[in-house]
Enquirer: 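Can you read through this structure? Questions will come right after.
Residue numbers start from 1 in every chain, and the chains themselves are labelled A, B, ... in the order their sequence lines are given, proteins ahead of strands.
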Amino acid sequence: MLHTFIAYVEDLPGVLTRVASLFRRLNINIHSLTVGRSERAGLSRMTVVCEASAEAGHRIRASLFKLENVVDVDDIAQAPSVTRELALIKVAATPHSRSQIFELVEVFRARIVDLTSESLIIEMTGVESKIEGLIQILNESDGRILEVCRSGKMTMRRGQHTSSVLRAMGAAAGDQPEAGDQPETDDLA
Amino acid sequence: METKAKNRAAQAPQTTPIRLTGAEIVWATLVGEGVTDVFGYPGGAILPVYDALRKFPIYHTLVRHEQGAAHMADGYARASGKVGVCIATSGPGATNLVTGIATAMLDSIPIVCITGNVSSKVLGSDAFQEVDITGITLPVTKHNFLISRAEDIAPAIRYAFQIAKSARPGPVLVDITKDAQQATAVFDFEAAKPRPVRPHPMRKIEESSLEQAAELIRNAQRPVILAGHGIIESGAMEQIRTLAERAQIPVALTLLGLGALPASHPLSLGMMGMHGESWVNHAIQDADLLIACGMRFDDRVTGTLATFATKAKKIHIEVDPAEINKNVKVDVPLAGDLREVLELLLPRIPSHDRSAWLKSIDAIKGASAVRDIKNLPDLGHLYAAHVIHDIWRITGGNAIVVTDVGQHQMWEAQYYHHEQPRTLITSGGLGTMGFALPAAIGAKTACPDKEVWVIAGDGGFQMTSPELSTIAQEGIKINIAIINNGYLGMVRQWQEFFYERNYQSTPLISPDFVKLAAAHGIEGRAVRSRAEVAEAVGEARSAPGAFLLNFMVEKEDSVYPMIPVGNALHEMIRRPEKNLIESPEDK
Ligand SMILES: Cc1ncc(C[n+]2csc(CCOP(=O)(O)OP(=O)(O)O)c2C)c(N)n1
Ligand SMILES: [Mg+2]
């Protein structure tokens, strides 16, 4: 199954290697990994998405906690959450062929963020399937995709599950996936 | 050879803040942590630290190979329960430590390794003797530090000690650049204290789990305690004994658990697993409840998982939450410090009579004891089992025995009956040949008043035999028994059983070990028959200095019983009947 781990880690050299090394050791391929500053000073927040057996979730979470630089871990599992990905897509487009792409961008609620006589860059935020949908349509259209840059997933639980709440709960929330595994409904935002 | 009195000048730790060089801070911090002995080898990138040593009351043992330094720190820690410390220079010095660090990691042994590195200005430039040792050791340490400022040294070393010994212990490496050793900083031991240990959030004992566990124990008909290394690490010997005695539960021990319950205790079954005695493994397979205490269901202990103790409910008491349900799915997990958990559990356990279960185990025991090699008639052949049995008898089971890895290690576990914790020192998880001799030096340094024996194979002994020189230089009194079978015996045994006796690359020509010892000024003698064993062991014990015994044992003897990989725990190869009477032909 697909696992999504949220880890709060100390913002220090080598911490990313330690986290990545844990997955490497287990021979687990990381689908995506995003890191950035969090609401807590000195702590970065990571979203790690990987494919592993259902049982592996416990072990990975327990092992992440054993890393000295890891402060909090949440296994999102099936819990209601919001997931987004950012994609920048550069497409070859002449003034003549642009209009079709403009239409697509409109339909997908994406944006054009750069425009030259040979190419343009589309910026899009959304769930994975939506980004993949746009890429597929672009591939099928006249516009040739030159570059794709995707951020990987960023995930946040819905409701009051802030990191400090999780901590107060002893970070046990990941053990019991909450009822009603809702599909990733998009566009509430 | 004479043993040398060590000068460890008593000196109070530095308590008021003072400006020191980074190199001095290294030692001052170690003194503050209570360190009296370190094992190491100098080189350019650690020279400032060596230069500062003379000012501090710490004894440095010069090793002959850095692997030995790590094993010595490890043996020191295993024998004493304290943190062992080793030191090496950058590059090759640091990489030589790696096998020793991994050995400590796999057996959860608290050691702190200090390495020098090139100056911070040239880090990452492939400078002379530069190696990314924090990168290399990342997967074989609990944690490691790269320190490039003098003011960070004390906090890092103090933090390293805390990490090494807290929860599930393990090795920590502190890599210090040369410029950090040379710079100065204010040394304030108190201020360098690490933040309190952050408890693992998944390490918690649910009241309901405790009750469930107690209920299972109260109702079990055929329970077995699986006793691991965690008992010794947690200091839960009394609690395990109380649990076993009160509820009349037999105790099977892992290799690293030996000594956690006295071998002579009526409820001690002995070692379980691949080379465990048949009654132990049968008891586990027949059990209706397993209470796993501070052990991790290693593959050498369980046999094939699908067939492991299928009739048993399982309670797992373990300090490391990542071990829960890793290999064996358990019914009641109790993730916490073993002693604390047992203290909570014991009040819920009433006394219980389980004589029927204990008798049924005794019945199997009686049947297999007949096949025991100890009962062999003396036909002039020397068996390793005899040697170890005699060493056990003569030392009263009270010596610290440090083994290497191979057949002799398993025979030691079978025939030396350990009464006390920390008296068997052996590389279980990594199975590191070459461990015994240096680890024994560490053990003897930690426990100078204890009798220390090395039991090593002719193969493994040669991996670290230069440490004989360390023994000579330091005047260390240990007794060395080489179980010399002319083979990489354990591998030969696998070739015999599973590779049609194709003894590829396992016959071994060795130097004359007695002469090798003599070249180091160490006494020794060869032993060729059972009749000589007792006297030779006595001679070694009474010699004032180190003594080496070269036991020329039966070449093609095998360790029985053996559970081949892929078999269930009860499907074992037994000692063939004919082997009991005839001697295998010498080849
Ligand atoms: C460093 C290392 N290399 C290889 C092995 C594989 N190995 C395990 S036991 C063994 C044979 C050991 O031979 P010896 O030291 O003579 O002991 P014996 O089995 O004969 O008692 C070998 C090669 C190992 N455990 N460690
Ligand atoms: Mg041998």
Side-chain angles (χ1 to χ4, degrees), chain A residues 3 5-28 40-43 52-75 77 161-176, chain B residues 102 105 108 120 123-124 132-148 152 155-156 159-160 162-164 166-170 172-175 194-195 197-206 296 305 316 318-330 333 335:
Chain A
H3 291 271
F5 298 96
I6 308 293
Y8 280 80
V9 303
E10 288 175 302
D11 187 6
L12 295 171
V15 174
L16 176 61
T17 312
R18 291 176 196 278
V19 172
S21 185
L22 193 151
F23 290 87
R24 175 192 55 76
R25 243 208 94 180
L26 296 168
N27 201 16
I28 292 174
R40 292 153 75 176
L43 295 188
S53 68
E55 305 85 67
H58 168 90
R59 172 124 179 260
I60 294 171
R61 194 162 146 260
S63 304
L64 278 169
F65 268 124
K66 281 166 62 178
L67 298 177
E68 281 301 319
N69 304 113
V70 173
V71 175
D72 256 344
V73 184
D74 186 13
D75 180 356
H161 292 86
T162 64
S163 56
S164 47
V165 172
L166 271 176
R167 219 165 1 138
M169 289 163 52
D175 283 344
Q176 301 104 15
Chain B
M105 183 69 177
S108 309
S120 60
L123 267 184
D132 173 14
I133 197 63
T134 45
I136 289 173
T137 58
L138 189 142
V140 291
T141 50
K142 255 186 101 174
H143 192 64
N144 59 25
F145 298 86
L146 171 56
I147 299 301
S148 55
D152 296 338
Y159 192 13
Q162 183 192 66
I163 295 169
S166 60
R168 180 177 178 173
V172 183
L173 179 132
V174 185
D175 191 29
R195 60 169 186 229
V197 178
R198 184 167 42 84
H200 194 298
M202 293 157 84
R203 190 180 298 131
K204 55 175 185 242
I205 305 303
E206 308 282 359
R296 57 186 175 95
L305 287 172
H316 194 185
E318 164 61 44
V319 71
D320 181 357
E323 290 294 345
I324 304 280
N325 290 328
K326 185 180 85 175
N327 298 334
V328 170
K329 191 113 189 63
V330 297

Enquirer: Nearest heavy-atom pair of Met202(B) and Ala62(A): which atoms, and what distance?
Expert: SD-CA, 3.6 Å

Enquirer: Looking at Glu10(A) and Arg198(B), is there a salt bridge between them, counting it only when a charged N and a carboxylate O are closer than 4.0 Å?
Expert: no

Enquirer: With a 4.5 Å cut-off on side-chain heavy atoms, are Arg18(A) and Asn144(B) touching?
Expert: yes

Enquirer: At a heavy-atom distance under 4.5 Å, which candidate from Leu22(A), Leu67(A), Thr17(A), Asn69(A) has the highest pair count against chain B?
Expert: Asn69(A)

Enquirer: Tell me every residue that passes ring pair (Phe, Tyr, Trp, His ring centres under 6.0 Å) with Phe145(B), counting only those two or more places apart in sequence or in another chain.
Expert: His143(B), Tyr159(B)

Enquirer: Show, in sequence, the C-alpha distance, side-chain angles and deciding distance for Lys66(A) and Asp320(B), and conclude whether the side chain to side chain contact (heavy atoms under 4.5 Å, CB included) test is met.
Expert: CA-CA 9 Å; Lys66(A) 281 166 62 178; Asp320(B) 181 357; 2.6 Å; yes

Enquirer: Residues two or more places apart in sequence or in another chain: which of them pass side-chain contact (heavy atoms from CB on, under 4.5 Å) with Leu16(A)?
Expert: Leu33(A), Val35(A), Met46(A)

Enquirer: Select one option (side chain, backbone, both, neither) describing which atoms of Ile324(B) are under 4.5 Å from chain A's heavy atoms.
Expert: both

Enquirer: Testing the basics here: between Pro321(B) and His58(A), what is the closest heavy-atom pair and its distance to 0.1 Å?
Expert: O-NE2, 3.1 Å

